[in-house]
Structure formats: C-alpha cells, structure tokens
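Notes to accompany the following structure.
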Amino acid sequence: MLTVDRLCAGYGGGIVLHEVSLRVRPGSIQAVVGRNGAGKSTLVHTIAGLVRASSGRIEIGGVHVAGRQPHRIAQSGVGLVPQGRRVFSRLTVAEHLHLAAAPWRAPTSGGEGWTVARTLELLPRLAVRLRHRGCELSGGEQQMLAIARALLGQPRVLLLDEPCEGLSPDLAARVRELVNGLAADGLTVLLVEQQLQHAMEIADRVAVLEYGRVVYDRPTAEARRDPAPLAAMLSVAAVAPPPANRSTPRLWADTP
Amino acid sequence: MTGLLEAQDVSVRYGSLAALDGVDLRIHDGQRHALIGPNGAGKTTLLNVIGGSTRPHRGTVRFDGRDVGRLGPAARARRGINRIHQRPAVFPTLTATENVVVAALPRVVGRRRWWPGGRRRAAQRLAGPLLDQMGLTAVAAVPAGHLAHGQRRQLEIAMALAGRPRLLLLDEPAAGLSAIEVGRLVELLQALPRAVAVLLVEHRLDLVYALSDTVTVLRDGQTLAAGTPDEIRTSPLVRQAYADGVA
Amino acid sequence: MAAGTNRIDPYLIPALDGVAYGLLVFVAASGLVVCFGVANILNLAHGLLYAIGGYTAAALLDGGWASLALALAVGVLAAAAAGVLLAGLLTPVATGNHLSQALLTFGVALAGGSLLVAGFGPDNPQVQVPSALEGSVMIAGHRYAAYRLVFIVVAAVLAAALYLVVRRTRAGMLVRAAVDDPEMVACLGVSPARIRAGVLAAAGALAGAAGVLGAPIIGPGTGTADTVLLLSLVVVVLGGLGSMAGTLLAALAIGEIQTLGVALLPSAAPFLLFAAMAAVLAVRARGLAGRWRTA
Amino acid sequence: DDAPGTSAGGPIKIGLLASLSGTYQAVGTEIRDGFQLYLDTHDGKLGGRQVDLIVADEGNGAQTAVPAATKLLKQDRVSALTGIVGGGSVAGVTPVLNETKVPLVGSNGRPELKDVSRVWHTSYLSDEPGAAIAQHVRDNVKGSVYAIGPDYQGGWDELRGFTDAFGKIGGKLANADGKTTFTPFPATTNFLPYFARIKASGAAAVYTFYAGSAAVDFVKQYAQSEIKDIPLYAAGFLTEGGVLNAQGEAARDIYSVLNYSPDLDNAENRAFVAAWKAKHDGSPTTYALASYDAAAVLDRAIGAAGSDPTPEAINTAIGQLGQIASPRGTWQFSTTTHSPVQKWYLRQVRQDGRALSNTVVGDLATVGR
Amino acid sequence: MRGEVIRRVRGGIAALVLVGLVVAPWVVDDYTTSILARTLALALVGVSVALLTGVAGMPTLGQTAPYAAGAYACAVVGSRVSDVGVVQLVVAAAAGALLAALTVPLVVHARGVIVLMITLAIGELVVIVLGRWRSVTGGTDGLAGIPAVRPFWGLPALADDQARYLYALAVVATLVGAVLVLLRTRAGLVLRAGRDDETRLRASGHRVALHLSGAHIAAGAIAGAAGSLLVVAQQYISPADFGFDTSALLLLGVVIGGTASVGGALVGAALVIAVRDWLFGVLPGHAPLVLGALFVATVYLLPTGVNRARGRLRPPGVPALQANPPAAPDQATVAELRR
Ligand SMILES: Nc1ncnc2c1ncn2[C@@H]1O[C@H](COP(=O)(O)OP(=O)(O)OP(=O)(O)O)[C@@H](O)[C@H]1O
Ligand SMILES: Nc1ncnc2c1ncn2[C@@H]1O[C@H](COP(=O)(O)OP(=O)(O)OP(=O)(O)O)[C@@H](O)[C@H]1O
Ligand SMILES: [Mg+2]
Ligand SMILES: [Mg+2]
C-alpha cells in the first residue's frame, strides 16, 4: 500500500509538487501521465527518498517514510526503475545482477521470488551481454538492465518511471504484460508513462499531473467511459479502447 | 544523382560482437530516412559512425561527395552533420539559451560575425525562436541540468537545429515526450526546409511512417530490408525480425 | 663473458632494490588505490594515515616479533579510526567532487601532521626492526637488507588480496557502483554514507599497516606524510586509477626509475621521476582522449 | 609606533625567526631554545635591557620566511634579527633588512652575499667543515675518497669546501668523473643505487653531508648496504642532534667534523650543558649553541651600544667585539665574511653510557677568513 | 528577484573591496602594505588557476611554472636590460605564455586528475631546473638585488611599499578586467560548455583542443605577468616561491572562492595566502595547525563555494523552476520555502 498525502517537494529554491495526493492499493497499478516537466519524475523520486519532501506524508504499508534516507526506503521494499536508466557504467551486466539480487528478502506476496535466472529468461538479450559493462550497452539494453535491477530487489512497491522508453514495441508490450502480472501477484505499482493508451491498457487508475498538481485521478474504466476530459487535458485525439486480449503482445501496437 | 551521404560496407566490431556488419546506406539531399530495428540492432552505432564518434572497422562514409572517414565529430558537424543523442546530451550548467547559442556558434551566419562578440550576438538571435518552437521559452534561463528529461530532449533538438544541419541525425527524438510535444515535434520536422536530410531512429512506428520517405530495417548489425514505409509495413520479414528480437 | 657480467654487476642490486622499493611504494599506496582509484574519493590525508602507522611502529617496536604484531594491530586500528573520522568529516562533500575533497583532506593533513609532530616531537624517532630481520643477506655476491626482501612477499600477498576484494566481492562492486551513481546504490538498499566510511576505514587500515611495516624504510618524520602522499598519488594515477595490475606495474616502474634509473643516469636523477610521469600520462591521455567522456 | 631603540635602560625588541613548523622544525626549535636559554640564564636581559623577544615562524623556506621577517622588521620594528635556519631564507630576507637597516645575527644558514655590512653569523660558512677535515682525511685514508651530497646550495657549498681543500693537498676523488655526486634533494629517500656506484668506484672512504631525515635514511641504508665497511666521514650534521637517536646503532663509528661537541671541556661549556640539561632532554646541539652565542653577541653589543642602542649602533658595536668566550672555545668574527674564525673538532659516534653520542677524538684546524 | 538582490549585494561588496584596496596603503602600516602587494601577485596567479580549473575544467597544480618563467624573465630583464615596468610585464607575460605553449601538447588531451598530476610534474620540473641553472637563476638560494622598477619611461622608480603596492594593484585590476571581458565573449561560453560535456561540444562542431590550448596559453600569460609583480613586490625570488605548496594553496584558495568565478578566485587565493603569511608571523609553530583547521571549517562554512565547485547545483541568480502555473496560491509556498 502506497499513500501520498498532500505532498510538496522541490529543488533548491522552488517547489515542483504542490499537495499531491495519491493512494495505490496493493495489487493495483496507478498510472501517472502528464506533460514534460509536470513533475512526474519528481514525484517518483520523492517517494524513493531521492528528493526531500518539504511537507506532506508518504506511507508505505502504513509506515510514514517521508524524510527517511533513500536506502532505508529501499530496504522497506521500494524498487525503482528510474528515468534515463542510470545503470552503473563501469559494472558488467553480471555484476549489476549480482549486486541487485536480494534472495534473502521474502518474495513478493503471492508470486515466486525473482532470481537472476528468471530475470534473464524474461529479458534474454541481457543473457548474451553478461560480460558487457553498463556503458557498452545499447539504450534498450540499458533499460532492460534497469528493470532487471529493480525486480531482483524483490520489491513490494514498484516505481516505474517510463520503463518502456527506448524498448522496441514488442518488448515494451511484454514489459507491460509483466507489470500487469506483478500487480496481479499483489505488488503495488506506480507507473509513469507518456503514452496514454499504453498506460490505460494495464492501469487501474489514471492520474494526470499538471504543473505539479493532480488535476485528474479516476479509475481507468471510468476514464474509458468518458474519455473527453482526459483527452482534452493531454490534447490527444482519443483514448484507445480497451484491448481485446491483454495478454497477447500486440506487434504493431503503434500502427495508426 | 549522387547522395548527400553514402555509407558503404560499414562494419563495427566490439570484441567478438559485430555491432554493424557490412551496412550500406545512402541518403540524398532532403531525404527523410528512417532506421528501425529491435534493441541492440546497431542503429545508434550507425549514427555514431556517420557522426564521426565511432570509427568503423571497415567501410567508407562519404558526405557531400567527399570521404569524411578521417574527420572527427567536430569537423563533420561543421560540414553540416548535426545530431541528437539517444540519451539527451546537453551542457548541464549552461542555461537552455546558452546551450543553443553554443550549438549555433560554429555555423552561425550574421553580418557582423567577424566583430568581437558579433558571432555570439548572432547566435543569440537564433536561440529565442528555436526555444520557442520547442516550447521551452519558459525555461530558457534555467540551467539545462535542472530540466526534466523530456525538456532536455527538446533542448537537444533545438541545439541540433541551431547548427544549421544539412543532415540531421535523430536518435529516438520522441522517446519520453508527451503527446503534445510529439505533435509539436512532428510539425517541426515536417516544416524543416526541404533541403535538410533527416536520418531518424525511432521505435514508434506511427511516427516513422508519418515522417519518412524511406525506411531501413536493421537487425543484428545487418540490413534486413529497405524500402518505402508501405513496403516495410507489409513485409512479413520485418515482423519476424521484431518478434525474434524479443525471444 | 666476464666483461659482460662486470658491466651488469653494479646494476644488479639497484635492479633488485627497484623491485623492493617499488613494492614498498605499492604497499604505501594501496590505501589510496582503494580510496581514490576505486572509490574516487580524493584523500590528501593519506600520507597522514601512513605517518600514524609509522609513529605507532616507532613507539611500540622493541626488536621482538610480539611488538611487531602489537604495533601492526594498534597502527591498523588507529589509522582505520582516523579514516572513519575523515569519512565523517567528508559527509557533506559529494563523491567525485575532488576539489572540495582536496580542500578538506588537505586541511586535515596539515592540522593532523602538526598534531603528530607536537605529540611525537620534531625529530625522526628510531624504528627497531625485529632483530631477525635487522641484518643483511648475501645475494649473488652482494649484501642486501633482509627487511626489504621480506617486503617483496608482503606486498605480493597484499596486491593479490586487494585485486580479489575489489573485483570479486560484493563489497568491491558496491564501491565501484557508488562511484557511478550513489543515489542508485541507495535505491538498492545500501547506504552510500556507510560505503564511504567503509572505504576510508579500509584505506586507513591499509595505510596504517603500510606505515608500520614500512617504517624501517620510509620512517616517520616531519616530511614522511608528504613523501608518501606524493609517491602514492603518482602511482595511483599512473596505474590508471583503480586498476590493480596497473598500479602494481606503476609502482614497480617508479621503484626502478628511482633506483636503476638513478644508477644508470645519475645526472638526470632529479628529472627522471617527473619527466617520466608527465610523458606517460600525456601519452596515455592522448590515447584515451576519445574515450574520456563518452561513457 | 615608537621608533626602534628606546630610552636608556628601557626594554629592547629582538626578533627571532626560525622554522617552528615543517621539515626543519627540529633545527628551528633548537635555535629558539638556545636563545631562550641565554635569556633565562641572564635575567631575560641583553646589555642590561629587558628583552622583548618576538618569535616568528620561518616555515619551510624563503616564501614563508620573507613575510614573517617583514612583520618583525616593519611592524614590530625590532632592533636586531636573529635565527633563520635556511640559507635561502636569509637571502630572501636580505632586501628587507637592507631596506630597514636592521642587523641580522644569524645562527645557522648563510648564503653567498654581496654585501655583509649588516649580516653576522655565529655559525660558520658552509664550506668550512669540509675544509677543516680535508687534511685529516688525506692523512688517514689510504686511497681515493668518494664525495656525495644533496643537490642544493647548502650541499654544493659543503662538498665544495671538502673537495677543493682535499684536491689542493693532493687527495684524489673516487667519483667516476672526478666530480662530486649530488642526489636530488629532498626527493631522495633511497640511496642504494648510489651505494652501488660507490662500491663500483673502489673508494677507500666516503665523505658526505646530509642533515635531517635525509641523514637518517643515508646512515641507516649505509649500514645495511654492501659498503658498510667503508669508513664514513661527514660534516657533523649527519649525526647531530635528534637524527643520531633515529639512526641508532647504524651510526656507530661515523667520523664527523663540527665546531662543537657537548663533551668539550671548558668552563663555559660545562655551564651551558648543565643549564641546557636542566631544561631539556638530551645534550645541546651546535644549532642551540650558535643561537646561544648569538644572544651572547647581542648581549655584549647592546651593552656597548650606549644609551640609545639603535640598530645602527648595535651593528657598529658587533663589529668591535673582538674575542668571544663561548662553550665551543673562544672565537671572533672575521672582518671580511662576518662569520666566526673558530676551531673545528673531529668527532666519532661512540658508546657513551647507555646511548651513542658524538665524542670528540681530536682537534682539527682553526678555520675562518 | 532573489538573483537580482544577490547580484546587487555582490556588486556592492566588490565595489567596497575595490575602494578598500585603493585606500589601503594610506590606512595600514608598511608591513601590511608589503604583504598585500605580494598577495596581489599571488592572487593574480589564482585568477589564472581559476581560468583553467573552473572555467576550462582543467584543474591545475602547475601554474607556478609560467609564474616562475615570468618572474625569472622579469628579474633577468630587470637587472640586465630595462627597469621599465611595462617592458618587464610584457616580457614576463610572453615568457609565461611561451612556457604554457610548450606544455600544451602534454595537457590538452588529459582531463581531471590526470591534468592535476601532469601539471604537478611540470611545476616540479621547472623548480628543479630553476635550482640547477645557476648562471641565470642563482640556484636554490635565488636572485636578490633586482633594481627597483619604474612603471613607465620617465617615471620615478618605485622606492617604497606604498608605490609598489599601487603599481601591483593597477596591473592586477587591468588584467582582471581584461579576463572578465574575455569571459563575456563566446570564448568564455564555449569553455564552460566544454567543462560540462566535451563530447557534446565536439558534436556541435567546436574545436575543443584549440579552445583549451588558447585558454592554457592565456592563463600562462597571466601567471607570467603575476611573476613580474612578485619581483616588484619582494625584490627577491627563489625556487621556493614556486614550489608545490604554493600551487596547492593557490588551488585551494580558488576552490574556496568558487572555482568558476574570477572575483572569487582573486579573493580566495588572496585570503589563503594572506592568512598563511599572517599566521606564520603571529602564531609561530602553529600556523599549519590553524591553517588546516581553517580549510576544514571553510568546507562547512562556505557551502556555496563547495557547491559551485561541483558545478551541479543551481548557481545563485537562476530564476524559479518552472513556468509557474497561472494560479496564485503557490507563490506563498515558494516564498515560504525561500525564507
Ligand atoms: N535537479 C533539479 N533541480 C532543479 N529543478 C529541477 C531538477 N529536476 C527537475 N527540475 C524541474 O522540476 C520540474 C519537474 O521535473 P520532472 O523531472 O519531475 O518532470 P517530469 O514530469 O518527469 O517530466 P518528463 O516527462 O520530461 O520526464 C521541471 O520544471 C524541472 O525543470
Ligand atoms: N562501446 C561498446 N562496447 C561493446 N559493445 C557495444 C558498445 N556499444 C554498443 N555495443 C553493442 O552493440 C550492439 C548495438 O548497439 P546499438 O547501441 O547500436 O543498438 P541500437 O540499435 O541503438 O539499440 P537500442 O534500440 O536499444 O538503442 C549492442 O548489442 C550493444 O551491446
Ligand atoms: Mg520525468
Ligand atoms: Mg540506440
């Protein structure tokens, strides 16, 4: 359970997030969308403890964590896939996986634990790059590594900041499918995503952030029923209809 | 008609891994060419070879009829090859405006560019409208290191345009941009002077089809197919390539 | 044949000594390798940590093996504690912010150095080697200090251990990861502050050990800290910042330059070290020029 | 500010500049303590006037010494300056001395100076120890001598003093090209490669000059090297003061030449050593002695300078002092170089009770120009 | 708003300092004046260090090399050729620039700590040469007896501390002004960009090596000119003036001043050198201890210096984060936060 209540945060001299409130139940996916610079990453970073909250509450599993050191928050089960990958440039893929693996931590409720073998099965390209260093990977490979790194920490709360950026469409679809499965296993997921139709595919709720404020926060089903306000807010033509079968990767998902 | 850019038989090896293996590419003036393929196919590597930051093991790169294989990235930029990077690369302590000014300096034209400070002033005049086009006016005075991810990408596009490119190399320009920004980007690219050639790497195929005249599909460092967007869209080979890229 | 041997003969001992001296420099520098080479924390107080070990040795050694063990234990602990203290002082300075780190650690080195001298006096104290090692041994007809021979073994063991720790253990990986992106390390649930304290403690322990063991060769005194710091910095940077094999090679090269080089070219002796260093670094930088900031 | 010099019987300001931090701290402390000892044993008075001793830190050399001296001369307006460890510092301070016209009674370093009208030294000229011992080495060593020293002005002078005098009386150097070997200073911490060359040269003895930690390194490595059986002659600083303690057993039997040894048998020395030992551990060194003598010189000069001891008057008075009784024996200023004409002693490191010490084993020449 | 205030305050402080410097010789005693003159020379070297370290991103421990070249060139010219200040300045600056130009191939391709070590080696080599080339440099004991300088043909020689100080002040002010103007042209902008990301700068078509060489040579010329001021200020030079500790203190001073700011470098370097010189006089034997403690304290007390050295955090004077949303309420929050 992740609760954000009247959260304010910013950098140096200015405030970026203004009284943001969100509530993500275990087993559900909360999507956050919004224009560039709206404060999505700031929100994610504040929850992870990387940006200091100036006021407001952040609760994880009922425990107030705002103001804690980032490593403490990570220890309480928060996993982060940051925007821009941020893989360790001088560590090899194998070392990344070794470092991130936390087999001693209890696996996510309901699901089996994440092992190196299981992540490599999910992201086979990494398996053939095990001895490459972070800086030698292609953009997409780095993104895969960032996802693998977060999963191996056996998170209970997963913060995904545009996890599909740079992934080929099929792989992106598979990642979304995976996230969906994780949520079904009881994980709490906060998903930042630019492409609304992709977010709506799997999310239970959609929130829109505008200038650091939550201006829209509804269940996906409701948003689908009445797509106009959302579409207007993001000036997208229309909200895509629910996919017929969520588990099949749709190869040409982007084809207009 | 000879092409603006002719890359022949380009190969790049990293240890035992062939990132590019005998790739040919030809782009003529004003052509909009897209490069697609699964992750790790070698798209960025090919852009690096053309931009001069990676030296190929084999093969030649000719630009505007001359062999540029021995030139570094700076010299190629001065000849008109400008690019944006897959990971937005900006000058973090410089403001957005200053970023654009720096990018514009080498190829700026202005009547007084030989006067002291003249070049800088000419570049400065260019920066405002470019930032405006990218929707960055509000953050023009913010150091680039403090911009959001998507804003950095937009800034880098503005920088690439400020260099008055003849060939624009775009590595996933739309990644991380919101719908509004993507729309703006499409408009901008479509409004580019016809003489500017574009080489676009993108995973969003809707954009590829909307923006490109021709498409090359790479996979495992080799050219899998090339043709018009319509040909590529219907080619079963290409679908196969993507599917295998996942498994 | 005989003439040939004769021509080589005078250089035999310098060449051997170059190895011993190089290894001494390596041991002295090993703490800085961990601290600066691997963890990217510029610690200009490294010489001070070494001097702590040296003064401990001078105070405790009485010519017996037991006192050596005691001095080693005390020296390592004291220097490690100083390292932790330094980590505490460094808390507000970001990793990789070399200039501010330099400012702070240089200050600590200045102040700490004068405290040490105030405590132990300005004279170089006497250091007593265990009597078994005091003498010299004969090698190929030449006399050579026994203690320096022992050093060759100690340093070899240390080099191997360091390599294993840095390359193969989780701790080594964490340290290297923290250099790249401390925030992401924190997001893996490990406190970067603790990593930093650990690194400085380890660096301190190594420097303390080096100070105790090296005291009979580079003894404690007012200039010791500066000498050790300079040599260590040269070795670490020449060795390619963190590469264990490179550091060892660089240390050996420095050793040979300072002994064999001096024996062969005495008139150029003052220039050898710095000229070689500038040349090597400049050539290597040229090679790396393309690679530096692309990563 | 009051002008330099004061009304009859009033206090007088003396500036003492010495290395109280850095590489030469050991020497600097001895210099300060030697001067202070004289004051303490003379009611804190020089020439009947209460002394206001202002101490400043010379640091590692000219670049810190110059501002510190400037403060003493221009802000504190001392009537005389004393101390100064490094020759380079003296050279650096000279322009300010000339500007303020204050005399310097230096107690250690002495560079080559064009104009010594206001500069006096109670120590020695750097080439004198070598010149004093040359004859003894010539008489006692059967074979050639290897000369080696540190590569800076002090080292050049010390070694030149020896090699010039030694050559004049027919001595032969063992060095390959007949010229002294100079080791980078202070960078050299490992002397083994030089020892290999000495061994190869077939020298019958070695003459050297080192001080401070270089002296410790040199002597310790010498004792473990393959030339440990070759007799070692040196300017006395090689085994003087604290370094001897650090060298320990390795220093045994080394011969050295110096203008002082604490075991000299005369009344002044007995009183001086006793007073020193009452305050400090160990015996006084030549550094302390020179500074003690500088105080004695000032004592007599201020007394002779009359009711208004201006810097000028003090300077003139120093020039007229004549013989000075001192723990090292009687000496006097040379009229040309303004440094002592004094007797030099041959000493050897020998067991003295529980500790090793420099024991006088003979008198050498009286030297001074 | 806040940036404006800060800029005003800074401008005010700068003006005050300048006025203070001009009237100083009439207010303080000779000793302080002479120390100030010497400090000005070193502060000018500090400016050249800042130019390389902060602006061009080449942290240097070797600016003592061109500094020494300038000083010795000036001393030699002063005692053998001409006592005219302008001539000496030009010769010294040229000597510094020449030495810097000779070392360009060593440094332009290196970055970060590697530059630090290469420049350290260059500085040490120069000091060694100075100590051994006795016919010209007077060896380790240095050169004394350099005749007093006359600023310009026909003017009287500078005989007292006051005059020497004012001469140094005039030269420093002129050169610093020139540097500030230079940094406002595109050269300054491009150098800063290169410090941020060289690869990106190349990709935009700039000749990075050329810019860096230019900066290096210019910094060498400034350091050379400072060398001539040192000769004027203390009429004596020796290799000890150009040793490693001078480089180290200058670099630290520049860090304290905030590496990228010329004014900061001037003040920081001057402060460090002045405090050291002052401490050796008033606290004999404890100067290193106090100086060391001061360095440590500085890191804590001057977070701006620290942060700007890092070059990541927001420099003062940058406007608020984003285009503020039209609504008003957050203005209060922002204001609260800033207090
Ligand atoms: N380190 C920083 N220092 C100061 N301001 C920052 C910093 N990082 C981000 N900002 C500012 O905070 C605002 C929100 O940034 P944030 O990264 O949260 O946006 P975002 O919604 O994630 O955008 P995007 O979709 O482009 O990633 C932006 O205006 C940005 O300029
Ligand atoms: N410096 C390097 N060292 C080793 N291997 C590298 C290096 N750079 C790239 N590679 C490898 O070359 C292959 C091609 O990489 P490239 O970056 O060109 O892929 P890409 O097509 O751009 O992929 P993506 O869509 O994921 O960005 C990848 O498998 C990558 O791991
Ligand atoms: Mg973001
Ligand atoms: Mg790519």
Side-chain angles (χ1 to χ4, degrees), chain B residues 48 51-53 72-85 88-95 98-108 113 116-124 135-148 151 156 159-160 162-165 169, chain E residues 1-4 7 54-57 108-109 178 180-213 258-261 307-326:
Chain B
N48 287 344
S53 52
R76 294 192 200 190
R78 286 196 298 277
R79 280 175 172 64
I81 304 182
N82 275 283
R83 72 175 298 186
I84 72 158
H85 299 78
V90 292
F91 305 111
T93 64
L94 269 50
T95 64
E98 286 173 331
N99 267 280
V100 178
V101 169
V102 167
L105 278 173
R107 275 165 64 82
V108 75
R113 68 179 182 281
R119 276 179 100 98
R120 183 169 178 173
R121 238 164 286 138
Q124 200 102 36
L136 292 174
T137 314
V139 289
V142 175
H146 296 176
L147 292 181
Q151 293 170 323
E156 207 189 2
M159 289 164 70
R164 300 201 314 132
L169 309 177
Chain E
M1 245 294 280
R2 177 166 171 251
E4 186 62 20
R7 211 169 314 138
V55 181
V108 279
H109 293 288
L180 285 175
V181 168
L182 185 81
L183 286 183
R184 283 180 168 269
T185 68
R186 74 195 147 104
L189 188 61
V190 173
L191 284 177
R192 284 194 290 138
R195 180 195 57 193
D196 273 7
D197 188 342
E198 225 167 83
T199 319
R200 186 66 186 84
L201 194 59
R202 272 201 201 96
S204 292
H206 288 275
R207 297 177 175 91
V208 175
L210 202 72
H211 291 299
L212 290 185
S213 310
T259 40
S261 121
N307 288 341
R308 262 185 291 147
R310 183 159 23 149
R312 291 263 161 70
L313 291 191
R314 162 192 301 259
V318 168
L321 290 177
Q322 55 186 36
N324 268 320

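Numbers restart at 1 for each chain; the letters A, B, ... are given by sequence-line order, proteins then strands.
Counting non-hydrogen atoms of other residues, nucleotides and ligands closer than 6.0 Å to CZ of B:R164 gives a total above 12.
B:F91 and E:D196 get closest at one heavy-atom pair: C-OD2, 3.1 Å. Taking both residues in full, the closest heavy atoms of B:A77 and E:A203 are given as CB-O, 3.3 Å, listed atom of the first, atom of the second, then distance. Of all heavy-atom pairs spanning B:R120 and E:R184, the tightest one is NH1-O, 2.8 Å. Smallest separation of non-hydrogen atoms from E:S204 and B:P106: O-CG, 3.1 Å.
Qualifying side-chain contact (heavy atoms from CB on, under 4.5 Å) partners for E:A56, counting only residues two or more places apart in sequence or in other chains: E:L191, E:L212, E:A215.
Between B:V102 and E:H206, some side-chain heavy-atom pair lies under the 4.5 Å cut-off. In this structure the side chain of E:R195 reaches within 4.5 angstrom of the side chain of B:T93, judged on heavy atoms.
E:R202 contributes no side-chain N or O that, together with a main-chain N or O of B:S53, makes up a donor-acceptor pair within less than 3.5 Å.
Remark: B:H85 NE2 to E:D197 CG distance equals 8.0 Å, nearest 0.5 Å.
Within the 4.5 angstrom heavy-atom criterion, no atom of B:A75 approaches chain E.
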